[in-house]
Amino acid sequence: MARITAGVATSHVPAIGRAIDTDQTQADYWKPMFDGFEFSRKWEESEKPDVVFLVYNDHATAFSLDFIPTFAIGVAEDYAVADEGFGPRPVPAVEGHADLAWHIASSVIQQDFDLTVVNKMDVDHGLTVPLSLMFGQPEKWPCKVIPFAVNVVQYPVPSGRRCYNLGKAIRKAIDSFSEDLNVQIWGTGGMSHQLQGPRAGLINQPWDKAFLSDMVDNVARLVSIPPEDYIREAGSEGIELVMWLIMRGALDDQVTELHRHYHVPASNTAIGHLILKNGNNS
Amino acid sequence: MARITAGVATSHVPAIGRAIDTDQTQADYWKPMFDGFEFSRKWEESEKPDVVFLVYNDHATAFSLDFIPTFAIGVAEDYAVADEGFGPRPVPAVEGHADLAWHIASSVIQQDFDLTVVNKMDVDHGLTVPLSLMFGQPEKWPCKVIPFAVNVVQYPVPSGRRCYNLGKAIRKAIDSFSEDLNVQIWGTGGMSHQLQGPRAGLINQPWDKAFLSDMVDNVARLVSIPPEDYIREAGSEGIELVMWLIMRGALDDQVTELHRHYHVPASNTAIGHLILKNGNNS
Amino acid sequence: MSEPRPYDDVPGTTVFDERMARKGYHLNQFCMSLMKPENRERFKADNRAYLDEWKMSEDQKQAVIDRDYNKMLSLGGNIYFLAKIFSSDGLSFQYAASTMTGVSEEAYLKMMLAGGRSPDGNRYKSEWEKN
Amino acid sequence: MSEPRPYDDVPGTTVFDERMARKGYHLNQFCMSLMKPENRERFKADNRAYLDEWKMSEDQKQAVIDRDYNKMLSLGGNIYFLAKIFSSDGLSFQYAASTMTGVSEEAYLKMMLAGGRSPDGNRYKSEWEKN
Ligand SMILES: [Fe+3]
Ligand SMILES: [Fe+3]
C-alpha cells in the first residue's frame with residue numbers, strides 16, 4: 001500500500017533558483033536562507049521517497065489566460081523544465097509517476113473535485129525550486145514527481161477550506177493505491193510577499209510565524225482564513241499559502257514537526273519551510 | 001435581475017448538422033426527426049432569450065488528451081465554429097456574454113466547483129447542432145451563448161449527482177446577476193447511443209422514455225444513476241445524458257413541460273428533446 | 001491500476017478510462033493531428049510514413065493502416081479521436097460503426113431504422129458468451 | 001460586475017480578479033508571447049511595431065513602452081505576465097517591484113533587508129489617505 005510519510009512546506013521564489021544555478025548559495029545574502037535547508041537535504045537522503053506529490057502554481061508559464069484550470073493534475077511520464085524567459089533552469093527533467101497520478105486523478109474526481117487532467121506541460125520554478133531546495137543539484141532527481149497545479153493567479157482562487165478538503169481526498173486516493181510506495185506531499189509557495197503595486201515588499205513576520213505554528217496543531221484556524229485576509233495581511237501573493245493547506249489536509253490530524261525554518265528576505269519574499277512527519281509517533 | 005425562464009434538452013448528433021447544412025431536412029429519413037423541432041423554433045421566436053447557457057461536450061475538438069477539464073466555462077466575447085475535419089459548419093460565429101459568464105464562473109468557483117476558465121476555444125457540433133435545431137438557419141444567432149463544456153469522453157466523468165448540484169450552483173449565480181436578462185439553460189447530448197465496438201448501434205427506447213418523463217417530475221431517480229448504468233443501458237455514449245442533469249438542476253423543483261419529442265434513429269443515435277418552462281405556472 | 005470496474009462486464013464495449021487513455025495517448029494525438037488539412041494530405045499520401053512520425057506501437061500503426069477500428073479501440077483509441085481517421089477517408093460515423101459490428105453498412109442501417117440494437121441480451125458479457 | 005469586493009479597500013494593490021482579467025486579456029497575452037526568443041527579439045527591435053500587432057488599447061501600449069508597471073496593473077496586467085516584459089529587459093522582480101513603489105532599487109533592497117514593508121499602516125486604504 002502506498003503511504004504518505006511526510007509533508008513538506010516551502011516557498012518557491014525564482015531568485016532562489018537563480019542563486020543555486022549561479023553558485024551563490026554561500027554569498028552573504030543567501031547563506032542564512034540556504035542554511036535552513038541543510039537539515040532537509042540530509043533528511044531526504046535518508047528518507048528516499050519514491051514519489052513526491054508536488055502542489056504548486058503555474059506562473060503564466062504552462063497556462064496563459066486562454067485556459068485557467070482551478071486544479072490540474074499531471075499524469076504524464078515526464079515533464080520538461082520550462083523556459084520562463086531566460087532559458088530553462090539547468091536542472092534535470094522531471095519524471096512523473098503515471099500509475100499513481102492516474103489513480104489519484106480518478107479517485108479525486110469521483111470524490112467531486114473537478115480536476116483538469118494534463119498529459120503535457122512544462123513545469124516552472126514553482127515546481128523546480130522546491131526540488132532544488134530539498135534535493136540539491138543531482139544529475140537526476142532521486143524520485144518521481146506528480147505535479148499538481150493550483151490556480152492562485154486569477155481570482156476567484158479556490159478557498160483554503162476547499163484546498164484542505166482536496167488534501168483529504170488526495171490522502172484517501174493515495175491510501176488506496178495497491179503498490180508499496182513512500183510518498184511525500186509538498187505544499188509550496190508563500191509566505192508573505194507582494195510583488196506588485198505601491199505596496200510591493202510587504203512582509204508580515206508575526207502573521208507568517210503564527211501560520212507556521214498553526215500548520216502543526218491548529219489548522220482549523222488556517223482553513224477559515226478568507227482570501228481577502230491573505231491579501232491584506234500577507235500581501236497579494238501570500239495567497240499561495242492555500243497550497244500548503246492541500247498538503248496539510250493529506251496528513252493525519254496529528255503530525256510531528258521535524259524541522260522549521262523562517263527567513264526574510266529572498267528577493268521580495270518571506271521564506272517559510274516545514275517538515276511534518278505524518279502521525280504523532282516520532 | 002437575470003432569470004432562468006426555461007430549460008431545453010436536446011441531442012446533438014453531427015449528422016443532424018450535415019442534414020441541415022445540405023438541405024436534407026425534408027428527406028424521408030430526416031423529416032420525422034426535424035418535425036419534432038418545429039414547435040421549438042416557433043417557441044424560441046416568441047421567447048426571444050437574451051442568453052443561452054449551453055451545456056455540451058467537446059468531441060476531441062478544442063481539447064486533445066493533453067488537457068481534459070472536467071468542467072470548462074467560456075468567458076470570451078466570441079467563439080469560432082470548429083473545423084472538425086470537413087471544414088467548419090456554414091453557421092454564424094457564436095457571440096458570448098462575457099459579463100454573465102464571468103459572474104457565473106466566479107460564483108460557481110466560490111461554491112466549490114473547480115472550473116477551468118476558458119478565454120479562447122472553437123466550438124464543435126455539440127454546441128452548434130442544438131443552436132441549429134432551436135433557431136434554424138439565421139444570418140446571426142438571435143442571442144448570446146455561454147458555452148459550458150463537460151468531460152464525458154475520458155473516464156472518470158463527473159457523476160450525475162455532481163452535475164445536478166452544479167446546476168443548482170449555476171442557478172444561484174444567474175439569480176444573483178443584476179442585469180435584467182432572459183436566460184435559458186440547455187442540456188445537450190444523448191439519448192441512448194453507442195458509436196463504438198461490436199455493440200455499436202445500441203438503442204434503449206424504454207429507458208430513454210423513462211428518462212424523458214423523469215426529467216419532468218422524478219429527477220431524484222435520475223441523479224442516482226451510476227455511470228456504469230448509463231453505459232450498460234444507454235450505450236457507451238449515453239453517458240452524455242448527465243449534461244441534461246446540469247440543466248435540470250438549474251430549474252425549479254417544479255417545472256411545466258411545454259414540449260417533448262423522441263425519435264429513432266438519427267445516424268446511430270436516439271434523439272430526445274424536451275422544453276421545460278421554469279416553475280409550475282403555465 | 002488493474003482493479004476491476006463496474007462496467008468491465010458490458011459486452012462489445014471499451015470504456016475510455018485511464019487504462020485506455022494511457023495506452024492510447026500517442027494514437028489519439030496522431031488522430032488529433034488529422035484536424036489540420038496539411039496533415040490529412042500527408043497522411044493520405046503515405047499512411048506508413050506519416051505514422052512513423054508518431055511514438056505509436058507497431059500494432060497501433062498496423063491497426064490504423066488496416067482501418068481496424070475494434071483493434072484501435074483495444075489499443076487505447078477513443079472513438080471521437082478515431083473519427084478523425086474515417087472523416088479523413090470521407091466516411092461517416094454510421095459506416096465506421098457498421099465495420100465495428102461486423103455487418104455491412106446496409107445491414108447496419110436497416111437495424112437502426114428498425115429501432116437499433118436492443119439492450120436485451122446485450123447488457124452482460126455472460127449473455128454474449130452463452131450464444 | 002461592479003459589486004464591491006472585500007479586498008477593494010487594500011491600499012496599493014490590484015487584485016487580478018475577473019474585472020482586471022477581462023480588461024487585460026490582450027495585454028497579458030502579448031506578455032505571454034515574449035516567452036519565445038524570436039518574439040523577444042522583434043519586440044526589443046521595435047516596441048511600437050510589435051505592440052501594434054496586438055488588440056491592446058493605446059493606453060496599454062503606451063504603458064508598456066514607458067515600462068510603467070503600475071499603469072499596466074491598472075489596465076489589467078497581471079504581475080506574472082508583466083514579468084515577461086522586465087525579464088526580456090534583463091531586469092529582476094526586485095527591480096520591477098522597486099519601480100512600482102517609487103523608490104530606488106537600492107532603497108527597496110534596504111527595506112527588504114530590514115524585514116520588508118510592515119503591514120502596520122498598510123492594511124486599509126483609509127490608512128494611506130490619512131498620511
Ligand atoms: Fe509562486
Ligand atoms: Fe456528443
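Each chain gets a letter, A, B and so on, in the order the sequences are listed, and its residues count up from 1.
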Relative to chain B, which of [options] shows the most heavy atom pairs under 4.5 Å?
{"options": "A/Val157, A/Leu115, A/Asp66, A/Asp114", "answer": "A/Asp114"}
{"options": "A/Phe71, A/Phe63, A/Phe113, A/Phe67", "answer": "A/Phe67"}
{"options": "A/Asp112, A/Val118, A/Ile109", "answer": "A/Asp112"}

### Task
Answer with side chain, backbone, both or neither: which region of A/Ser159 has an atom nearer than 4.5 Å to a non-hydrogen atom of chain B?
side chain
### Query
Relative to chain B, which segment of A/Ile68 carries a heavy atom at a distance below 4.5 Å: side chain, backbone, both, or neither?
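For A/Ile68, heavy atoms of backbone and side chain both lie under 4.5 Å from chain B.
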### Task
Going by the side-chain contact (heavy atoms from CB on, under 4.5 Å) test, name the single residue among A/Arg162, A/Arg161, A/Met215 that passes it with A/Leu245.
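Testing A/Leu245 for a side-chain contact (heavy atoms from CB on, under 4.5 Å) against A/Arg162, A/Arg161, A/Met215 leaves exactly one candidate, A/Met215.
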### Donor-acceptor side-chain pairing of A/Asn204 and A/Ser192 below 3.5 angstrom
no
### Message
Is it the case that the side chains of A/His59 and A/Glu84 hold a donor-acceptor pair, with the cut-off being a distance below 3.5 Å and no angle test?
### Response
no
### Query
Where do B/Trp207 and B/Tyr230 land on the side-chain contact (heavy atoms from CB on, under 4.5 Å) test, with the steps shown first?
CA-CA 10 Å; B/Trp207 198 91; B/Tyr230 284 97; 3.6 Å; yes
#### Entry: Under the side chain to side chain contact (heavy atoms under 4.5 Å, CB included) test, residues paired with B/Asp78 that sit two or more places apart
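B/Asp78 satisfies side chain to side chain contact (heavy atoms under 4.5 Å, CB included) with no other residue.
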